[in-house]
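Presented below is the structure to which this report refers.
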Number of protein chains: 2
Amino acid sequence: MTDPVKVEESPVEQTTPRVGSRVTMQQVAAEAGVSVSTVSKVMNGRYGVSTQTSDHVSKVIDRLGYETSLVARSLRNTRTNVIGLLVADFEPFSTEVLKGAADAIRGTGYELVAYSAGGRTDEHVGWERRYLSRVMGTLVDGAVLVTPTVTDVQYDGPVVAVDPHTGRSSLPTVAADNLQGARMGVDHLLALGHRRIGMVTGRADLVSAQLRERGFREAHAAAGVPVDESLLALGAFDPEQAREAARTLLRLPRPPTAIFAANDISALATLDVAAELGVDVPDQLSVVGFDNIPESALAHPPLTTVQQPMRQLGHDAIAMLVALIAGEELAQTHVILETTLVRRRTTTAPGAAS
Amino acid sequence: MTDPVKVEESPVEQTTPRVGSRVTMQQVAAEAGVSVSTVSKVMNGRYGVSTQTSDHVSKVIDRLGYETSLVARSLRNTRTNVIGLLVADFEPFSTEVLKGAADAIRGTGYELVAYSAGGRTDEHVGWERRYLSRVMGTLVDGAVLVTPTVTDVQYDGPVVAVDPHTGRSSLPTVAADNLQGARMGVDHLLALGHRRIGMVTGRADLVSAQLRERGFREAHAAAGVPVDESLLALGAFDPEQAREAARTLLRLPRPPTAIFAANDISALATLDVAAELGVDVPDQLSVVGFDNIPESALAHPPLTTVQQPMRQLGHDAIAMLVALIAGEELAQTHVILETTLVRRRTTTAPGAAS
DNA sequence: ATCGTTGTCGATAACGTTTTCCATCATTCC
DNA sequence: GGAATGATGGAAAACGTTATCGACAACGAT
């Protein structure tokens with residue numbers, strides 16, 4: 001029943017280089033009159049095959065349009081030469097990181113594939129972990145996590161987390177200096193002369209948001225300016241809630257002369273609300289954001305913001321991951337990248353209108 | 001040397017649910033005291049195993065943290081339950097399509113992974129084809145192509161192209177109605193009273209760009225307004241070249257009173273140039289774009305543009321692909337989606353300034 | 001003439017699943 | 001009480017590749 005030379009049964013007569021239905025190595029071997037071993041050697045340029053047969057086999061490979069089955073190869077070797085990048089959703093931040101990663105992947109010999117949680121990150125906690133278990137060692141050699149809520153993922157494979165908003169992550173991480181960045185943004189406002197500065201805060205459960213608020217406070221402390229707690233409103237990194245927060249602040253009897261938003265998204269929402277309430281930016285209100293997403297440069301007026309090197313984050317994450325996969329020891333397991341202040345048109349000295 | 005029961009050699013004593021280094025089905029079987037067949041049946045809920053042993057095996061599976069090897073599974077079955085989406089680069093358009101696809105994938109039982117060409121699309125033509133050969137039937141069950149330059153890809157597997165700018169594609173496609181959309185945009189300008197309308201055209205080799213130009217001409221013809229050929233300038237969908245084109249048009253002795261850009265990117269560039277030259281928009285110049293990328297709403301002033309249902313494109317592409325994989329016959333192989341005009345602040349009647 | 005040596009090539013065992021088929025055993029019916 | 005029946009578990013082949021190792025020829029050196 002099982003014919004050892006069943007390849008002969010259906011001789012590959014067709015010379016059409018069909019691209020669809022897969023042509024296997026056996027067929028190439030049969031067609032070329034050699035063994036599969038030889039074909040494999042030719043495919044991988046291994047030593048031990050004469051240039052003559054090599055050429056011949058190569059020709060057959062081309063003619064049949066043979067492509068090696070990555071699945072079978074991965075099953076045999078444990079490596080796949082693929083790196084996975086997991087994003088919770090394709091928002092501006094993760095998209096930029098993705099671009100940086102896509103850029104860094106070149107010349108590493110790896111391919112990059114992006115998986116999206118599609119926003120179902122709320123449904124199931126520990127979702128990143130299950131994802132890792134599923135794909136690691138089977139579909140990818142390593143993974144980059146760009147999910148904001150990496151609660152407490154532990155994994156002993158090659159995994160790098162980008163901007164792990166929670167601090168006590170045991171994973172190697174690369175993040176921007178949220179504390180320093182926030183200080184810089186608020187310092188800028190203080191230097192301009194603002195003394196009543198409001199803040200639209202981020203998601204309370206994310207460490208990045210906590211750090212930005214801490215930077216806000218530290219800047220005040222360093223300048224000897226007291227923080228008015230009534231000037232802090234929860235924006236939660238959510239556009240709608242950020243609008244609400246901004247509205248609350250601007251409708252105060254004594255509204256702040258400047259607002260520091262934990263997020264560009266929130267800053268943009270604040271700009272919207274200001275326009276809606278007839279508050280002129282920057283003359284009656286200065287606004288500073290955080291992230292410098294592409295949209296911010298196009299806002300009206302263009303947003304002054306603390307720039308996070310998003311592409312660089314992706315770039316460094318890949319670099320770390322590649323080293324990790326190679327078994328190298330990481331010089332630094334927690335990389336913190338500098339932030340910079342991008343001054344555009346939403347900030348000026350208070351009372352500039354008069 | 002090859003011990004048939006080598007599983008016994010290293011009994012799985014560790015009860016730590018290690019998540020890293022892969023635990024195989026054999027180990028589970030050995031630990032549970034059953035055969036691999038049984039474990040497989042339990043994993044897949046197949047009939048033929050008592051609830052008692054099933055429970056027992058399930059417990060062991062949980063304890064060891066076993067996850068099935070997708071590679072091995074894919075090798076055995078020919079399906080992978082993964083759909084690949086290939087983008088040339090992560091620009092706004094493809095990112096939006098990606099979001100739509102990610103949305104549509106839910107509940108289909110498939111997972112979505114995105115591959116990026118990383119901009120090296122220029123280096124090698126026929127790149128999409130090689131990609132397809134590599135991944136189809138091995139890593140993914142089907143693919144969505146979101147590359148603008150699908151020259152003449154032929155492939156007989158389940159593949160759907162989104163916005164295949166070249167017409168004679170033999171692949172099933174889903175695209176927006178570029179012709180109708182362009183007509184709508186230009187009609188809008190004509191209805192406002194504009195008679196000298198310029199156009200920043202797109203990449204000459206892309207059918208989508210050609211269609212938009214044709215829409216431009218047809219709208220003129222329908223309104224009985226002659227087209228002034230000197231008012232067409234090549235923008236090529238490139239920011240820099242679009243700026244140049246806009247500059248050329250606006251520096252004409254008799255500049256146009258309105259410009260239709262083949263692209264939001266080009267329209268945004270036009271806005272920039274107008275500001276640079278001190279031309280007021282919309283009072284001295286009306287501008288209409290095409291696509292309605294997220295940035296357009298934030299432009300200054302907010303851009304009037306022809307909206308392409310980008311998310312819907314991704315959504316429909318996935319729907320078609322899933323049907324295709326299921327072996328169903330497609331009701332329509334070339335789906336054309338409606339476009340709509342989004343009126344914002346960059347258009348008004350000519351001479352409104354006076 | 002014999003013995004290594006080198007250069008080619010092929011047989012074969014994995015990799016970790018799924019699936020088909022068969023063996024075993026308890027049950028039930030005549 | 002024996003045989004048909006059904007339920008349950010296991011053995012083994014297969015998926016397509018790669019790596020190891022042995023076979024075999026041709027050849028030069030002793």
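Chain A is the first sequence line, chain B the second, and so forth, proteins listed ahead of strands; every chain is numbered from 1.
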(request) May I have the distance from A/Asn81 (atom CG) to D/dT18 (atom C1'), rounded to whole angstrom? (result) 14 Å
(message) Tell me every residue that passes side-chain contact (heavy atoms from CB on, under 4.5 Å) with B/Asp55, counting only those two or more places apart in sequence or in another chain.
(response) none
(message) Without decimals, in angstroms, what is the distance between B/Arg134 CZ and D/dG16 C1'?
(response) 16 Å
(message) What's the closest nucleotide to the side chain of B/Arg73 if the choices are D/dA7, C/dT18, C/dT8?
(response) C/dT18
(message) If I take atom CE in residue A/Met25 and atom C1' in nucleotide C/dG10, what distance separates them, rounded to the nearest angstrom?
(response) 12 Å
(message) Can you work out whether B/Gly33 or A/Leu70 has the more 5'-proximal nearest nucleotide on DNA chain D?
(response) B/Gly33
(request) Mark yes or no for whether B/Thr138, through its side chain, and A/Leu70, through its backbone, hold a donor-acceptor pair below 3.5 Å. (result) yes
(request) For A/Ser54 and A/Ser50, indicate whether the former's side chain and the latter's backbone hold a donor-acceptor pair under 3.5 Å. (result) no
(request) Ignoring the backbone of B/Thr24, work out which of C/dT8, C/dT17, D/dG10 is nearest its side chain. (result) C/dT17
(message) Would you say B/Thr38 places a side-chain N or O within less than 4.0 Å of OP1 or OP2 belonging to D/dG10?
(response) yes
(message) Is there a side-chain contact between A/Ser69 and the phosphate of D/dG16, meaning an N or O under 4.0 Å from OP1 or OP2?
(response) no
(request) Take atom CD of B/Gln27 and atom C1' of C/dT17, then tell me their distance rounded to the nearest Å. (result) 14 Å
(request) Return the nearest nucleotide to the side chain of B/Tyr66; candidates are D/dG10, D/dT17, C/dT17. (result) C/dT17
(request) Compare side-chain N and O positions of B/Ser50 against OP1 and OP2 of D/dT8 and report whether any pair is under 4.0 Å apart. (result) no
(request) Have a look at B/Ser74 and say if it touches a base, only the backbone sugar-phosphate, or nothing, with a 4.0 Å heavy-atom cut-off. (result) nothing
(message) Measure CG/A/Leu75 against P/C/dT18 and give the value in whole Å, please.
(response) 12 Å
(request) Determine, step by step, whether B/Ser35 and B/Thr38 satisfy the side chain to side chain donor-acceptor pair (under 3.5 Å) criterion, reporting the C-alpha distance in whole Å, the side-chain angles of both residues, the deciding distance to 0.1 Å, and the verdict. (result) CA-CA 5 Å; B/Ser35 74; B/Thr38 306; 3.3 Å; yes
(request) Tell me what B/Thr53 touches on the nucleic acid: a base, only sugar-phosphate, or nothing, going by heavy atoms under 4.0 Å. (result) sugar-phosphate
(request) Take nucleotides 19-27 of chain C nucleotide by nucleotide from the 5' end and write B, S or -, depending on whether a protein heavy atom sits under 4.0 Å from the base, only from the sugar-phosphate, or from neither. (result) B--------
(message) Output the rounded distance in Å from CZ (A/Arg79) to C1' (D/dT17).
(response) 17 Å
(request) Kindly give the heavy-atom pair with the smallest separation between A/Leu98 and B/Phe90, and that separation in Å. (result) CD2-CZ, 3.4 Å
(request) Would you mind reading off the distance between A/Gln26 atom CD and D/dT18 atom P, rounded to a whole angstrom? (result) 13 Å
(request) With the side chain of A/Val34 defined as its heavy atoms from C-beta on, choose the nearest nucleotide among C/dG10, C/dT18, C/dT8. (result) C/dG10
(message) From CD of B/Glu67 over to P of C/dT17, roughly how many Å is that when rounded to an integer?
(response) 11 Å
(request) Could you grab the distance from atom CD of A/Glu91 to atom NZ of B/Lys99, nearest 0.5 Å is fine? (result) 8.0 Å
(message) I'd like to know if the side chain of B/Arg76 reaches the main chain of B/Val71, judged simply by a donor and an acceptor atom lying under 3.5 Å from each other, with no hydrogens or angles considered.
(response) no
(message) Main chain of B/Ser69, side chain of A/Arg134: is a donor-acceptor contact present, judged purely on distance under 3.5 Å?
(response) no
